[in-house]
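Just below is one structure, and these are the notes that go with it.
Chain A is the first sequence line, chain B the second, and so forth, proteins listed ahead of strands; every chain is numbered from 1.
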Protein chains: 2
Amino acid sequence: MTQLTDRPAVPADTGVLPVIATDAIDAHSLGEYLLGTWSEARKHSRRLLLNSDFHFVDGLSVDDHRKRVLWQLGRLVEEGSVHRAYPKSVGGQEDHGGNIASFEELVLGDPSMQIKSGVQWGLFGAAVMHLGTERHHTRLLPDILSLKVPGAFAMTETGHGSDVASIGTTATFDEFTDEFILHTPFRAAWKDYLGNAALHGRAAVVFAQLITKGVNHGVHAFYVPIRDNKGFLPGIGGEDDGIKGGLNGIDNGRLHFDSVRVPRENLLNRYGDVDENGDYSSPIDSPGRRFFTMLGTLVQGRVSLDGAAVVASKAALTIAIRYGSERRQFTGGDVNEEVLLDYGRHQRRLLPRLAQTYAMSFAHEVFLTAFDGVFSGRTDTDQDREDLETIAAALKPLSTWAALDILQESREACGGAGFLAENRLTQLRADLDIYATFEGDNNVLLQLVAKRLLTDYSRSFAKADAGALASYVAAQVGEATYHRSGLRQLAQNVADFGSTARSVGYVRDAASQRQLLTDRVHTMVATLAGKLRPAQKMSKPEAAALFNRHQNELIEAARAHGELLQWEAFTDALDGIPDPSTKQVLTWLRDLFGLGLIEKNLAWYLIHGRLSAQRAEAITAYIDDRLLPRLRPHALALTDAFGFAPEHLRSAIATGAEGVRQDEARSYYADLLASGTAPVPEKKPRR
Amino acid sequence: MTQLTDRPAVPADTGVLPVIATDAIDAHSLGEYLLGTWSEARKHSRRLLLNSDFHFVDGLSVDDHRKRVLWQLGRLVEEGSVHRAYPKSVGGQEDHGGNIASFEELVLGDPSMQIKSGVQWGLFGAAVMHLGTERHHTRLLPDILSLKVPGAFAMTETGHGSDVASIGTTATFDEFTDEFILHTPFRAAWKDYLGNAALHGRAAVVFAQLITKGVNHGVHAFYVPIRDNKGFLPGIGGEDDGIKGGLNGIDNGRLHFDSVRVPRENLLNRYGDVDENGDYSSPIDSPGRRFFTMLGTLVQGRVSLDGAAVVASKAALTIAIRYGSERRQFTGGDVNEEVLLDYGRHQRRLLPRLAQTYAMSFAHEVFLTAFDGVFSGRTDTDQDREDLETIAAALKPLSTWAALDILQESREACGGAGFLAENRLTQLRADLDIYATFEGDNNVLLQLVAKRLLTDYSRSFAKADAGALASYVAAQVGEATYHRSGLRQLAQNVADFGSTARSVGYVRDAASQRQLLTDRVHTMVATLAGKLRPAQKMSKPEAAALFNRHQNELIEAARAHGELLQWEAFTDALDGIPDPSTKQVLTWLRDLFGLGLIEKNLAWYLIHGRLSAQRAEAITAYIDDRLLPRLRPHALALTDAFGFAPEHLRSAIATGAEGVRQDEARSYYADLLASGTAPVPEKKPRR
């Protein structure tokens, strides 16, 4: 295999490396590496997805799409694809990482199928598993797993998206009948946006304020039958959420309860129970800790959205880069016979996003490993759980936003062809839109990360402030998950940047990239901690106003932290690549990601004296003149490594047809010129 | 009316101005002002749009949606809404500005209706009007205006989007039969993405290489019947483009021609004709100039997309800001009873985009005025036409991209509710997606702007280089429109920024904002001209590579130029606002727009020594601590000024229902607390 490092230097006159076909990347091994620890589970799903049963069909009505996706869930049951995470007692494998890995890949079939199966087995069923106890598992899980009982996960209310602790639905214990009475006290407390609620759901796990003997013990989950063959059960009402911007294969809807009675045993009682006398008990004393322990069992939604965003980004870039490798923009001229991807702008549009996708993919593997460790019980200390929550809150926003950006840029990079449904990009984007909102609004999640960063900072550097800082951010966010040690490898000593080497060579170095990225997170957090310190001595409204004033900065600090996590994951992953030339290309790609982050925040580095103006300019030049030309010849191989079959992409422009057409057109013009008998188009007019 | 300038200063401890209901904005007069010169035409369309006939209906099949939109076009004919731009001889008013203004507003009904009527009367009919002569007008326009003959505008080919000069379709004159033979020589030369082509079109204006006596005279337009009641006419073939990411009310499709004969008179012969002997003549000698004169008549597509993007942005922000003014994020706490728009992050998300929308709106009015001047013949020198092309190429990309960004941020700012079709945002975004591509791909258009900037620069500063520079950019872009004087008021003397006042006060000043923005455009262009100068002495491939290497910078310079145009338009518009308090609020909004542009490009200003680190930081602080709190109380009024009726918005969350629900919830909790008899939810858990 050719050593890329032995290639001739970039010609000084143009700075552009000639495009060369290359076998420098061992795409097969790289592909295996990208599939990660749970590659078998991913391959299982990818094999299933070769079957058109699991494919989205364009142009179905909403009704037919919903029917098809329900049918697809039944097919998943038939294929034995839904049990993986469940207890062995009900036929499962207790394989949490593998379950998520296989589930994420379903986005390639139809995101509606992915999310509806997530509602059924990742939320509704998982709530019974994690929040219920043996009696629920035995009685309920078999019908949930077989899809005999499709169910809704009734947490969100119309009036409460991110603030679960403040939901309005009540579950009041009636000791005379030994029942809970589920009730919706006002319109804003209707359960809303629930998959399976509009049509298919026979039951729901309903989150409500548990009230017994006049005391509210906070939010608990209840198993509530909602429908039989004839429709809603007495006391249950609801509405269809109607057509959505995407995911129309899912029957999202609203539910409300008019004094609906369920047996006491329907309380999912792992973390809180009520006895026949109406006395409440819980293995966790603190109501706050209890609440967040319950919510913490549901982190898998965030894991799988992060992973699905990575899969969709890989598919979009494969489509756009294949098209860009064949499509010629202008065939009239003589010097412009390059394909789109030879243009500097086109490389700027797609290659940094390819680098970002690799970073997201490696970061997701770290995330999934942490998730599997906690859920398998191998590494599930409180700190592990808190770290997992922080990783989730940092990575899910970045990847779901990135997927939307990547899908859109890919669409535009394919021009009008990108807008046709037959090329896949628009529908994926429409479906993934809401990934930025559900399972935790991205902006709210990033505030959780910021809170963790501040807590860590305060603990390390100014212990007295920790509680005050954390509680204010928590109040802003409403989901005061308790965290420690979220600051990833903060550089304690910022190097003297002014005195290090002045050439661009400095920033190419991984250690320097790490230092620049880490120092930025650290400095942002420290600065914020200082700005927020006066809050301790303020009245509540004043303190709230102070935090509010810095809310945007808090979120930007959290974003910087998440980007650092991605960069670290990418850098760590390089060590696992044995082939030196593949490793060289991936190192360039990592550099493109790292320098891209620094370039994006260049003003910060300049203002804070971390980079000189000269070096700052050199970063952009290095990206344009060196990294993009070096990576361009490997762009196709880097997407080949994603390993998608035509049945996964199902994109007409990713099949090579464009290249065939271009060749046909060129041969037409060549014949005209050779024969000398026919008119040929005049040269492009020039003034 | 209260003078905002008399309001109390921002409290020093928090920097946050209390939110006050305000009557400081004369929303009615501001609304009239925003409607601009052609307000009557806009109002005509807005009145029509009160009628549900013109509304998009959720959930229609593609077939039914296409039928409905065709029917809506018939309704527009009945309402006398399609003739405005046409000659008085066929019942028109020759009102070009008013025609575009009324057409833009149709986006509020259904973007498919807007674009399909644009295809029929703005492209197909307009090509007959502008490229044809009296014989075509008399014979063809009445049926086009009445919709008896729906037609396609057959310019784009599968293999040629932006490069019209290189299309493959030929029209070869046969002097024996006095006919042109339209022919598609290879698959990539199929006409593609044409509205009306898949189903409804009876004729098409087909762009083809005109060949007579063995000579190719370049691209000309031909009127070609394509269908009768029974389907395609002999020799014509085609395909349906199928489902798209949006605009599914339009029957886009492909056409190809197998030696299809049309009479010689079907050549639209205003700019080029062939006599019965096959001799070619044209009033314009230069083939290049002829080509671009023909294309120039079609600039109205870009004008109207720019305007429609502004209208859609206004609608999106009205919805999001109304929702953000009612929705409370967390009702559990006691200090966080603010509505969403009181949060710093939420303001950062929406208010700069509101400022941008105002800038886009005022810039569009400038654009439309220039367009009307040229098309009415009042101001139509070559330079006027060239200036118009440059404005179009600069503004259409910025506004169509901004609309997508604004629609998406508005969707996310409305959370799950934003994703429901009943709230309008997702469908508008899906439809407007392709506005970034059609009527000139945004990246290609910005390269045209860059070329103009370089030409102007070279002419002003280094005459010898003008031709070389321009032709290279032209070769890159493929549409060598000839321009002069595109550089808008370039500051010839960059002030000594180092010695001016050091406080943030400096950048609040309009003259300073102008200087910073203008200087950046100027410096970027001058730097690029210097970098590209060696191209003159290079071989063609070397020179192409050099330009390619700087392609990204060229586009960024063009973007900076377009942003300056928007800022200038906003600033000029302030002079037309008589009410001082309205003017004060709008001045803050302009400052937010201007400082936002500078903040976005802060690294550039720092690297080039235009701003000190201290002042750079002060800009962000000034936006967060002063401008956003000052503008927040006026956000609703600033969207009220857009003047949308409920029938225009048709968004469930923009009706005030959210506020009613919030009040109901609060009153429930207040009753519980007052009665002291019922359990209340415990306080949000805190650690």
Side-chain angles (χ1 to χ4, degrees), chain A residues 14-16 58-59 161 163 165-166 185-188 193 209 211 214 216 243-245 287-288 291 330-333 335 344-345 348 415-416 419 421 426 434 436-437 475 478 482 540-541 544-546 548-549 551-552 602-603 606-607 613 616-617 661 664-665 668 679 681-682 684-687, chain B residues 14-16 58-59 161 163 165-166 185-188 193 209 211 214 216 243-245 287-288 291 330-333 335 344-345 348 412 415-416 419 421 426 434 437 471 475 478 482 540-541 544-546 548-549 551-552 602-603 606-607 613 616-617 661 664-665 668 679 681-682 684-685 687:
Chain A
T14 67
V16 178
D58 274 322
D163 183 24
S166 295
F186 46 83
R187 171 62 186 87
Y193 311 113
Q209 308 283 351
I211 296 160
N216 182 341
I243 300 173
K244 304 183 295 296
F291 176 68
F330 304 117
T331 59
V335 298
R345 177 68 164 189
R348 260 280 177 184
F419 196 56
T426 51
I434 196 65
T437 298
Y482 186 69
K540 275 192 172 181
L546 179 64
N548 189 26
R549 179 181 150 193
Q551 190 183 31
N552 200 56
L602 212 48
L606 287 159
I607 287 173
E617 275 205 293
R661 286 180 195 168
E664 187 198 351
Y668 163 79
E682 64 182 353
K684 190 179 306 170
R686 292 254 169 83
R687 294 285 309 222
Chain B
T14 66
V16 178
D58 274 322
D163 181 25
S166 295
F186 47 82
R187 172 62 186 85
Y193 311 113
Q209 307 283 353
I211 297 161
N216 183 340
I243 300 172
K244 303 182 296 293
F291 176 66
F330 304 118
T331 58
V335 299
R345 177 69 165 191
R348 260 281 176 182
E412 293 183 29
F419 196 57
T426 51
I434 197 64
T437 299
S471 69
Y482 185 67
K540 276 190 172 183
L546 179 63
N548 189 27
R549 181 180 150 194
Q551 190 183 29
N552 200 55
L602 212 48
L606 287 159
I607 287 173
E617 276 205 295
R661 287 180 195 167
E664 186 198 350
Y668 162 78
E682 64 183 352
K684 187 180 308 169
R687 293 286 309 224

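Atom OG1 of A/Thr426 is separated from atom NZ of B/Lys244 by 10.5 Å, given to the nearest 0.5 angstrom. In this structure, the separation between CG on A/Asn552 and CZ on B/Arg345 is 5.0 Å, given to the nearest 0.5 Å.
Looking at B/Phe419, the atoms closer than 4.5 Å to chain A (heavy atoms on both sides) sit in the backbone and in the side chain alike. For a residue to count as touching a neighbouring chain, one of its non-hydrogen atoms must lie under 4.5 Å from one of that chain's; by this rule B/Arg187 touches chain A with backbone and side chain alike.
In plain terms, the two heavy atoms of B/Ala603 and A/Leu602 that are nearest each other are CB-CB, 3.6 Å. In this structure, B/Ala665 and A/Phe186 approach most closely via the heavy-atom pair CB-CE1, 3.4 Å. Taking every heavy atom of both residues into account, B/Gln551 and A/Gly344 meet most closely at OE1-N, 3.2 Å.
Annotation: side chain to side chain contact (heavy atoms under 4.5 Å, CB included) contacts of B/Glu617 (sequence neighbours excluded): A/Ile607, A/His608.
The residue among B/Ala616, B/Gly415, B/Ala421 with the most heavy atom pairs within less than 4.5 Å of chain A is B/Ala421.
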